[in-house]
Number of protein chains: 2
Amino acid sequence: MARTGRPREFDRDKALDAAMALFWAQGYEPTSLSQLKACMGNISPASFYAAFGSKEALFREIVQRYLETYGQVMAPLWDETLSPREAIEQTLRGSARMQTGHAHPTGCLIVLGASNCSPENHSVQYLLAAERARTRSGISACVNRAIAQGALADTPLTETLPAVFTAFLHGMACEARDGGSAEKLEAAIESLMRLWDSQSMVLSGSGHGGG
Amino acid sequence: MARTGRPREFDRDKALDAAMALFWAQGYEPTSLSQLKACMGNISPASFYAAFGSKEALFREIVQRYLETYGQVMAPLWDETLSPREAIEQTLRGSARMQTGHAHPTGCLIVLGASNCSPENHSVQYLLAAERARTRSGISACVNRAIAQGALADTPLTETLPAVFTAFLHGMACEARDGGSAEKLEAAIESLMRLWDSQSMVLSGSGHGGG
DNA sequence: GAATTTCTGGACTGAGTATTATGGAAGTTC
DNA sequence: GAACTTCCATAATACTCAGTCCAGAAATTC
């Protein structure tokens with residue numbers, strides 16, 4: 001049962017992808033309606049508002065789309081079939097590769113998408129901050145799970161691991177934006193994970209560094 | 001020999017401080033001339049342009065001012081009277097405390113000040129990117145110095161340390177902006193430095209963790 | 001006090017902002 | 001083909017943007 005009336009002439013999905021690239025590269029506020037309409041195939045204001053509602057509504061839809069596609073590199077955090085260590089390492093590595101990808105803007109839309117905002121757009125800023133908070137809790141949950149399983153020692157140091165991984169993860173957005181390569185970031189991740197291993201109570205496999 | 005003519009009525013330094021707070025909190029583009037003039041004491045456009053030249057010139061002056069004041073937390077990186085390890089730890093700790101301070105906006109102006117930019121302001125973006133590159137090279141220099149001194153092993157892992165510390169440092173801007181406390185960040189730094197110690201060839205003091 | 005210099009208030013550019021209104025064309029369903 | 005629904009192009013909304021200009025006022029130096 002197709003809808004009656006004249007169908008829209010442009011491809012809504014392709015328009016969304018083009019708009020995502022623009023928001024991703026420039027952020028929410030500096031991206032103007034003119035740019036958006038242009039990159040969507042020179043659609044008219046009327047078509048834009050009919051299809052997407054408003055600039056903010058479009059951005060919210062695009063954030064959702066981003067989370068369901070590129071953002072899936074964070075999925076391991078909530079995959080309890082993985083060991084907590086695997087979950088975190090896979091997330092970091094996947095994020096590093098995604099953010100340095102060459103088929104789209106570098107960096108992370110959730111970290112960089114609304115970092116510069118005037119007061120009237122705090123709601124957009126909050127949208128992304130809430131998603132970052134969700135990531136933080138996911139990382140914390142992994143560490144807590146590891147401690148509960150006895151895989152990780154319950155020490156003052158292990159309690160700091162969530163903050164270490166989170167700051168590093170969010171910092172990768174800056175490094176990727178500044179041109180850092182996936183290889184460089186992945187090598188850093190490999191080193192960072194030894195901090196976990198040094199507190200690991202499951203001593204199977206590689207040891208823990210040494211002087 | 002004071003300059004002749006009518007002196008300006010507002011305090012230029014105080015105006016700069018107020019403008020810095022605004023740019024720091026909102027970033028370059030979303031901060032409008034109206035907001036700037038208002039926070040500088042409702043000065044007129046004429047006074048503004050006479051005193052500061054343009055919005056971009058003001059921003060550049062403020063970045064310079066920031067580097068000479070708050071940005072001095074990075075100074076240990078180039079202080080060769082410090083051991084490389086001390087230099088990096090002091091920089092990270094100082095940065096954590098500064099960015100979470102309550103007397104000014106949270107986060108880091110150099111990381112967050114122009115992260116969202118339209119194409120016409122790439123020069124401003126570049127200004128901050130260059131400063132971040134300087135930081136990266138400072139961190140790398142510290143690690144290289146430690147290796148040259150024989151204080152740090154020359155291994156594949158130690159070669160990744162600059163990327164680890166840099167990503168973490170830049171990530172702190174996001175964490176501070178999202179409300180992370182100095183205590184939390186400093187605890188994370190303390191843990192992160194054990195990565196250094198695990199590769200340290202100077203085994204005086206604390207050992208290197210382990211389960 | 002006179003001459004000079006610089007600042008300030010306010011009106012004003014021209015361009016760009018997101019968004020809305022109008023009128024007619026195009027395509028759909030029955 | 002008729003009725004209907006939806007889309008699109010154009011124009012225009014009210015507003016903000018960074019930046020300019022001018023006339024007059026204020027403070028300086030001589």
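Given the structure is predicted, the values throughout are model-derived calculations rather than measurements. Residue numbers begin at 1 in each chain, while the letters A, B, ... track the order of the sequences. Only this structure's heavy atoms are used, side chains among them; waters, hydrogens and symmetry mates stay out.
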Subject >> Summary of protein contacts for nucleotides 17-26 of chain C, nucleotide by nucleotide, where a base hit scores B, a sugar-phosphate-only hit scores S (4.0 Å, heavy atoms) >> reply: SSBB----BB
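A donor atom on one side chain and an acceptor atom on the other are found under 3.5 Å apart for A/S118 and A/E29. Judged by distance alone, the side chains of B/T31 and B/Q35 never bring a donor and an acceptor atom under 3.5 Å apart.
Judged by distance alone, with hydrogens and angles left aside, the side-chain atoms of B/R136 form no donor-acceptor pair with the main-chain N or O of B/T166 at under 3.5 Å.
Contact annotation: the side chain of B/T100 never approaches that of B/T106 to less than 4.5 Å [non-hydrogen atoms, C-beta and beyond]. With contacts defined as side-chain heavy-atom distances shorter than 4.5 Å, the pair B/L77/B/I88 qualifies.
Here the C1' atom of nucleotide D/dA18 and the CG atom of B/N121 are 11 Å apart, to the nearest Å. Rounded to whole Å, atom P of D/dC8 lies 10 Å from atom CZ of A/F52. Distance CZ (B/R12) to C1' (C/dT6): 15 Å, rounded to an integer number of Å.
Classification of the B/W24-B/H104 ring pair by plane angle, with boundaries at 30° and 60°, yields parallel.
Overall bending of the helix from C/dG1-D/dC30 to C/dC30-D/dG1, expressed as the angle between end axes built from five pairs apiece, is 20° (10° steps).
Side-chain nitrogen and oxygen atoms of B/S47 include none within less than 4.0 Å of the OP1 or OP2 phosphate oxygen of C/dC7.
Counted within 6.0 Å of CD on B/E186, heavy atoms from surrounding residues, nucleotides or ligands total more than 12; the atom is thus considered enclosed. Shown here is B/K55, whose NZ atom has more than 12 heavy atoms of other residues, nucleotides or ligands within 6.0 Å.
At the heavy-atom level, B/F10 lies under 4.0 Å from the strands shown only through sugar-phosphate atoms.
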